[in-house]
Amino acid sequence: MSDNNQTPSIQHFMPKDARIFVAGHNGMVGSALVRKLHEEGYTNLLRRSSAEMDLRDQAAVGEFFAKECPEYVFLAAARVGGIIANSTRKGEFIYDNLMIQANVIHNAYISGVKRLLFLGSTCIYPKLSPQPIKEEYLLTGPLEPTNDAYAVAKIAGIAMCRSYNEQYGTRFLSAMPNNLYGPNDNFDLTGSHVLPALIRKFHEAKENGTETVTVWGTGSPLREFMHVDDLAAASLFLMNLSEDTCSALLGYHPSPALINVGSGQEISIADLAGMVKAIVGYEGELVFDTSKPDGTPRKLADSSRLHALGWQHRIDLEEGVRDAYRWFVKSAAGSSAPGNNP
Ligand code: GDP
């Protein structure tokens, strides 16, 4: 990036009728991407549910790309989950993610996809990384053990994008968002992340008149949260960068083709629990179950690389949590685990 202060040309590099494949369109991130693409007037979206095409199946993915010839790919399909799912089902997390991303990235190259955006997570960074975390801290220290299998898979995806860019001249960019939440989140308590878990726990405790709600760990870890609609907006922004800006971003060293997407909205788990409790209107007590892991103590992304390109998040945390709670209540009417993803 020669001059981070210049306002880049960002408007609609992708034509409105471009053939755009949103891999994982039923998940929280993929569905937000579809909403945003529609809102921006993109009309030619390619979608396959996991029942229609198993992205872990090399032949199926090869056939899809050969037949449909997508021009742009948002790779939002992944095996994702919260701290317990990640630490107890590591085999699934590493296998599913490696297979999905290898098949999609490789076939994107084979079929001449113009641009691909690979979505990961800030858990790729070292457990005790300096804060806020810059892109170049990748691979500078040991990973957080509760999600190392997932992180290794995502790091392999970043390396694959970078390697293909270097060897084949592809334009595959990797974006690492922080803790996301929003509509179509996974609210299943055994697999979910903290925010949907808290929404569900406080809601059910209020409904059932339960006196206490259990929060895992000590409550002291700090996390940065971003509404998934902000990530969708950032993803379209990145996919629409001008050729020059895209080239400059892909050429970043020593961490080429990698960009953090954060909101800077950092909060302790205890304070987050207090916020969700107030939004839900629950009046009982919080209990901290310290037999459950805290995970990494702090995970705040340095998003200055993205900010320098001209993008900022829009959705305030409290407003976003209210939106997520409204969605949960609406979806919960008639379902015991709305947004079970993926
Ligand atoms: P992480 O950001 O990868 O650690 O993933 P999570 O979103 O699952 O957890 C974030 C933090 O919230 C950890 O310190 C958890 O121990 C804590 N936490 C508190 N209550 C819950 C809960 O009910 N579910 C989950 N998943 N995490 C919780």
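What you see below is based on every heavy atom in this structure, not just the backbone, and it leaves out hydrogens, waters and symmetry mates. Whatever order the structure lists them in is the order used to number ligands and atoms, beginning at 1.
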Item to check | Cation-pi geometry met for R56 and Y95 (6.0 Å, 45°) | outcome: no

For ligand 1, which atoms have a heavy atom of [X] less than 4.0 angstrom away?
| X | answer |
| --- | --- |
| A197 | 22 (C), 23 (O), 24 (N) |
| P221 | 14 (O) |
| V215 | 19 (C), 20 (N) |
| G82 | 8 (O) |
| K201 | 22 (C), 23 (O) |
| K299 | 1 (P), 2 (O), 3 (O) |

When you measure from the heavy atoms of [X] to every atom of ligand 1, does any distance fall below 4.0 Å?
| X | result |
| --- | --- |
| R223 | yes |
| S192 | yes |
| E144 | no |

Identity and separation of the nearest protein heavy atom to [atom]:
| atom | value |
| --- | --- |
| atom 14 (O) of ligand 1 | D294 O, 2.6 Å |
| atom 17 (C) of ligand 1 | W216 O, 3.8 Å |
| atom 7 (O) of ligand 1 | V194 N, 2.9 Å |
| atom 11 (C) of ligand 1 | I269 CD1, 3.6 Å |
| atom 5 (O) of ligand 1 | H193 CD2, 3.7 Å |

- Message: Would N44 and Y72 count as a side-chain hydrogen bond (donor to acceptor under 3.5 Å, both in side chains) here? Give the steps.
- Response: CA-CA 11 Å; N44 205 353; Y72 299 88; over 6 Å; no

Are any of the N/O atoms in [X] less than 3.5 Å from those in ligand 1?
| X | answer |
| --- | --- |
| P293 | yes |
| T214 | no |
| I83 | yes |

Using 30° and 60° as the class limits, which term best fits the ring planes of F93 and Y150: parallel, tilted or perpendicular? perpendicular

*Parallel, tilted or perpendicular: which describes the rings of F202 and Y282, with under 30° parallel and over 60° perpendicular?*
tilted

When P132, S129, C123 are each screened for side-chain contact (heavy atoms from CB on, under 4.5 Å) with K299, the one that passes is C123

Below a 4.0 angstrom heavy-atom separation, can you tell me which part of [X], side chain or backbone, both or neither, approaches ligand 1?
| X | value |
| --- | --- |
| N179 | side chain |
| K292 | neither |
| N147 | side chain |

Taking the six-membered ring for Trp and the full ring for Phe, Tyr or His, determine whether the centres of [X] and [Y] are under 6.0 Å apart.
| X | Y | result |
| --- | --- | --- |
| Y164 | Y109 | yes |
| F74 | F21 | no |
| H193 | Y181 | no |

Before accepting this row, confirm whether a basic side-chain N of the pair [X]/[Y] lies closer than 4.0 Å to the acidic partner's carboxylate O.
| X | Y | value |
| --- | --- | --- |
| E40 | K36 | yes |
| K114 | E71 | yes |
| R298 | E224 | no |

Q.
Quiz question: by atom type and distance under 3.5 Å, do the side chains of T122 and N178 form a donor-acceptor pair?
A. yes

